[in-house]
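Structure first, commentary second.
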Amino acid sequence: MQATINGISIAYHDQGKGPPIVFLHAFPLNRTMWAQQEAALSSNFRVITIDLRGHGESDAPLWHYSLDQAADDLRGLLDHLSIPQAVFVGLSMGGYILLAFHRKYADRVKGMVLADTRAQADTPEGKEGRFQMAQIAYKQGASAIADIMIPKLLSPATIRTRPEIVQQVRTMIEGNQMSGIVGDLMAMAERPDSVPLLKQITCPTQIIVGDLDQATPPSEAKLMAEQIPHARLAIIPDAAHLANIEQPEIFSAIVGEFAANVARPGTP
Ligand code: MLT
């Protein structure tokens with residue numbers, strides 16, 4: 001499915017009936033990373049997965065990208081789908097976008113799942129790393145980005161023993177256009193510190209992290225869980241950064257239980 005949002009074509013998938021759950025993918029992937037959650041949850045929920053601007057089958061215009069712009073795209077798509085409020089699940093960059101979305105449009109957020117992500121802005125070294133990665137992307141292409149990212153996204157055991165998952169992730173990365181990859185890197189490097197926002201979050205919030213996640217380690221998840229009022233924290237064993245792909249049943253069960261609780265009448 002495609003919709004014209006903010007002047008570009010945004011691809012999404014809308015499946016199932018029930019309270020809506022909207023999934024925001026990681027860098028530099030696409031909406032198909034949520035295939036297992038879609039399959040597990042769409043019998044009880046309306047599951048919407050989106051190719052963010054610059055990814056998958058959405059347009060990847062060669063221009064400036066920002067997380068606020070991604071938040072505006074998300075709002076535009078919700079309006080297009082006539083969804084006033086939803087539960088959102090954002091993993092890593094998807095989590096950064098979810099925090100940006102909450103900052104701008106808190107009234108649209110019924111509940112949040114922040115997975116394998118962090119609230120802090122990039123450090124100076126982190127920003128320098130983004131710059132270097134953009135140069136590699138420009139000079140060597142998306143497959144060089146896949147070589148760098150796969151060991152950050154997946155656990156050593158998955159890389160060793162589950163070639164089909166490694167290939168799935170590589171295919172997603174290599175399917176992205178350069179404008180989107182570089183645009184994301186700039187957008188993430190420019191993102192503000194969201195730590196001051198955390199104490200102001202009043203919607204139900206679930207934090208999830210893989211215990212082996214080195215990109216956004218459990219310490220970052222614990223910080224968010226401590227700062228966000230009444231947030232719950234789940235640490236998934238034997239999962240690294242892409243916890244939803246490495247441990248899909250556990251991840252889907254946590255999201256399903258959270259979204260069912262949020263949907264109960266009387267939940268703010
Ligand atoms: C992601 O998975 O979205 C990225 O690792 C996030 C980041 O690079 O900060």
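Numbering of ligands and ligand atoms starts at 1, following listing order. Computed from a predicted model, the values in this text were never measured in an experiment.
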Check your understanding: Is it true that Lys104 and Asp72 have a side-chain N and a carboxylate O under 4.0 angstrom from each other?
Key -> yes

Review point. When only distance counts, is Met188 in polar contact with ligand 1, meaning an N/O pair under 3.5 Å?
Key: no

Review point. Looking only at protein heavy atoms, which one is nearest to atom 4 (C) of ligand 1, and how far off is it?
Key: Ser92 OG, 3.2 Å

Practice item. List the closest protein heavy-atom neighbour of atom 9 (O) of ligand 1: residue, atom name, distance to the nearest 0.1 Å. Key: Tyr96 OH, 2.6 Å

Point to revise | Contacts of type side chain to side chain donor-acceptor pair (under 3.5 Å), residue Asp79, not counting sequence neighbours | key: Arg108

Check your understanding: Any ion pair linking Lys127 and Asp122 (charged N to carboxylate O, less than 4.0 Å)?
Key -> no

Exercise for review: Return the option from Arg130, Arg191, Met93 holding the heavy atom at the smallest distance from atom 7 (C) of ligand 1.
Suggested key: Arg130

Practice item. Pick one of side chain, backbone, both or neither for how Ala26 approaches ligand 1, counting any non-hydrogen atom pair under 4.0 Å. Key: both

Check your understanding: For ligand 1, does His241 get within less than 4.0 Å through its side chain, its backbone, both, or neither, judged by non-hydrogen atoms?
Key -> side chain

**Study point:** Salt bridge present between Lys222 and Glu226 (N-O < 4.0 angstrom)
**Key:** no

Check your understanding: Are side-chain N/O atoms of Ser252 and Gln36 paired as donor and acceptor at under 3.5 Å?
Key -> no

